There are 2 protein chains.
Amino acid sequence: MNLKDLAASLGLSQTTVSRALNGYPEVSEATRKRVREAARVHGYRPDSRARSLATGKAMCIGLVLPISAKQEIVNPVFADFVAGAGETLSARGYDIMLSLVNEEDQSSVYRSMLKKGRVDGLIMQAPLTGDERIALLQDVGLPFVVHGRVSDHDDTYSWMDIDNRHAFHRATDHLLDLGHRRIALLNGIEAMDFAHRRRDGFLDAIASRGFRADENLMASAAMTEIYGYEAAGRMLDLPEPPTAFLASSLLVGMGAHRAIEARGQRMGHDISVVIHDDGLSYLPNGSDNVPIFTATHSPVRDAGHICADMLLRLIQNPKIGPIQTKLEASLRLGPSSGPAPNQ
Amino acid sequence: MNLKDLAASLGLSQTTVSRALNGYPEVSEATRKRVREAARVHGYRPDSRARSLATGKAMCIGLVLPISAKQEIVNPVFADFVAGAGETLSARGYDIMLSLVNEEDQSSVYRSMLKKGRVDGLIMQAPLTGDERIALLQDVGLPFVVHGRVSDHDDTYSWMDIDNRHAFHRATDHLLDLGHRRIALLNGIEAMDFAHRRRDGFLDAIASRGFRADENLMASAAMTEIYGYEAAGRMLDLPEPPTAFLASSLLVGMGAHRAIEARGQRMGHDISVVIHDDGLSYLPNGSDNVPIFTATHSPVRDAGHICADMLLRLIQNPKIGPIQTKLEASLRLGPSSGPAPNQ
DNA sequence: ACTCTCACCCAAAGCGCTTTGGACACGACT
DNA sequence: AGTCGTGTCCAAAGCGCTTTGGGTGAGAGT
């Protein structure tokens, strides 16, 4: 059942039916009611392609999920982020188009996304340091929002990010305040911009107290539990082991915890651990009241909401220009951090 | 730059340009080359909406991500599943349209997806026992594949699933063979069909040796680490604690592990743990050679590939009728399971 | 010399919607 | 009586593509 048929069955023109359905004032309430009822009965839904072609709006935004190589890691944060963004978008009638991108053909994916008229704008995830995708997207001319930032780039694009540098600075300060001097950083892949910033915050905090960071106490890899376990284990076996760990994710923290326990030590007493908590729904840091880890906390689902909201504003009025949102992560104390043991 | 302009700039008709670009034989190789080059230079991309409208094919499939209530859990399996499906789909030129569904308006979402012509078919996730969405989708008439199965339904729809029942039967057998008699089940939410089947397999295995399952050793909840920790802890504190756990996911297993260690016992010696491993890329069960847990193993990314492939076959030729794929999970031995301790 | 193939190309009709630019009737205002 | 809204509806022109159903000219076959 298309518009033409529906109009015919009602003895009306397509124009009138279309207007009745879309709430235009040029049609009497009586007719509108009649049209709505007929549409309901026949189960009529406008074809979104035709409508999109006619209006120029796709009512759809693009989301790119970067997949490096075949076997590489899918961003665990993705599901919650998309859930957040999706809630906001679907409430406003927008759909989400997903594109998997492997490094090689990034350019073509972004280009085709817009050119093909499928989406009105897009959200870019997981920017790398000096990511050239920003330029690509600007060239393309479609509204976009970056979840994260790119360090080596001026601020002429829209982004939303948490203050990773500050968050890790504070977390490091917290450990320093507790008397820890040998603090280890279990970071994510430092090509990722957020990891880069976290490292900076960590180093700053240490340097600003006049200490020096130990290269042996800094690791960087994809944020899995096993990485946390192995990296922490290796460091604990050093002649001068760390007394505290700063881990880039809950999973990494869990790995560190396992390494600590495996050596007969207790987290929060012998060795402290502070993590960053993305607030993933399927990976809660204990309960709200009883956390497992002391953590810098910023739910990625909220980030999804915010990114989507920003993008919609940008689509509605592109002239408002680049907009930025910086979120502060809260520092939540848990039982995993305590005073440094006396030497 | 649209087709019309491109044709004009070449002094050709739209027909010829369209055919040249789409590889039809009615155009000379010389012209085709000329057209391709011009298209490249001008950065021409056909508008997918217009093309879709003309061809009747959306070149897009729908994926629904169920989001129960506001605060509920996002399926952690989703990211890897979509990565797998996406790889297959994008290789074949298909895009993915994501829809977030909260229980209430499921019907309308599925209905609108197809009616609006946005997708050529869809993949349904996380079916519940007696899920009424199947009937909905059948009514809608669009090709679809269910990732999982619905127990109380005949097999007149296409699905792909792992043999959850058999997998958990085997895992339970493994523990029984090791001499365990008090085996606890840390299951997912049993409204989910897969969890239901796993429970059945578990109970079958116990019953077929003439033992009786203990209700106190069976838990069911959303599969988080904290749930594993708390449920396992509760059971370990019983007057007659279990000697082994069968956990429905790696995270639950990790929680159980933590509970075991917290009580000064050792996993694999005092208490055995067997898990189901979805092979999530960001949650590896140790490394391939050195796993952490004994596990029934079936990568969900593979499931994504298979579902996508099935759906494409169904779209290409709907007459092939309902197709089904059942995968067997492998049982991989790890250090987390060992002989039952002597009482 | 005439027809018949091909090889190559084109005009125009959709696909299903929105939207522009009226048309028509009816009551109100001057 | 004439004009001017005003409320209600419509015909038709797009949106940008594919595809049907020819058209045209060159070379081959007789």
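Remember, predicted model here, so these are calculated numbers, not experimental data. A, B, ... follow the sequence lines: proteins, then strands. Residue 1 opens every chain.
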Novice: Just the rounded figure in Å: distance from C1' of C:dT18 to CZ of B:Arg49.
Specialist: 13 Å
Novice: Using the rule ring-ring contact (aromatic ring centres under 6.0 Å, His included), only one of A:Phe81, A:Trp159, A:Phe78, A:Tyr157 pairs with A:His147; which is it?
Specialist: A:Phe81
Novice: For DNA chain D, which residues in residues 10-21 of chain A have a heavy atom at a distance below 4.0 Å?
Specialist: A:Gly11, A:Leu12, A:Ser13, A:Thr15, A:Thr16, A:Arg19
Novice: Could you state the CG-C1' distance from A:Asn2 to C:dG16, rounded to the nearest angstrom?
Specialist: 6 Å
Novice: Rounded off to whole Å, could you give me the NZ-to-P distance for the A:Lys4 and D:dA11 pair?
Specialist: 12 Å
Novice: Measure the shortest side-chain to side-chain distance between A:Ser18 and A:Leu3 over non-hydrogen atoms and say whether it is less than 4.5 angstrom.
Specialist: yes
Novice: In whole Å, what is the span from the CZ atom of B:Arg118 to the P atom of C:dG16?
Specialist: 16 Å
Novice: Would you kindly give the CG-to-C1' distance between B:Asp47 and C:dC15, to the nearest whole Å?
Specialist: 13 Å
Novice: Give the minimum heavy-atom separation between A:Arg133 and A:Ala126, together with the two atoms involved.
Specialist: NH2-O, 3.0 Å
Novice: I want to check something: taking the side chain as every heavy atom from C-beta on, are A:Ile323 and A:Arg313 in contact at a cut-off of under 4.5 Å?
Specialist: yes
Novice: Measure the distance from NZ on B:Lys57 to C1' on D:dT19 and round it to the nearest whole Å.
Specialist: 14 Å
Novice: Return each pair, listed once, that meets side-chain hydrogen bond (donor to acceptor under 3.5 Å, both in side chains) where at least one residue sits in residues 4-14 of chain A; pairs must be two or more places apart or across chains.
Specialist: A:Ser13-A:Thr16
Novice: Is there a salt bridge (Lys or Arg N to Asp or Glu O under 4.0 Å) between A:Arg40 and A:Glu37? Walk through the geometry before answering.
Specialist: CA-CA 5 Å; A:Arg40 202 188 56 73; A:Glu37 179 59 16; 3.0 Å; yes
Novice: Going from CG on B:Leu142 to CD1 on B:Ile61, what distance comes out if it is rounded to the nearest 0.5 angstrom?
Specialist: 10.0 Å
Novice: Assess the residue pair B:Arg149 and B:Asp161 against the criterion (salt bridge (Lys or Arg N to Asp or Glu O under 4.0 Å)); give the C-alpha distance rounded to whole Å, side-chain angles, the decisive distance to 0.1 Å, and a yes or no.
Specialist: CA-CA 6 Å; B:Arg149 272 176 290 175; B:Asp161 199 6; 3.1 Å; yes
Novice: Rounded to whole Å, please give me the gap between CG in B:Asp5 and P in D:dC15.
Specialist: 10 Å
Novice: Taking the side chain as every heavy atom from C-beta outward, state whether B:Ile315 and B:Lys57 have any atom pair closer than 4.5 Å.
Specialist: no
Novice: Measure the distance from CG on B:Leu3 to P on D:dT19 and round it to the nearest whole Å.
Specialist: 12 Å
Novice: Please list, in numerical order, the residues of residues 22-32 of chain B that have a heavy atom closer than 4.0 Å to any atom of DNA chain D.
Specialist: B:Asn22, B:Tyr24
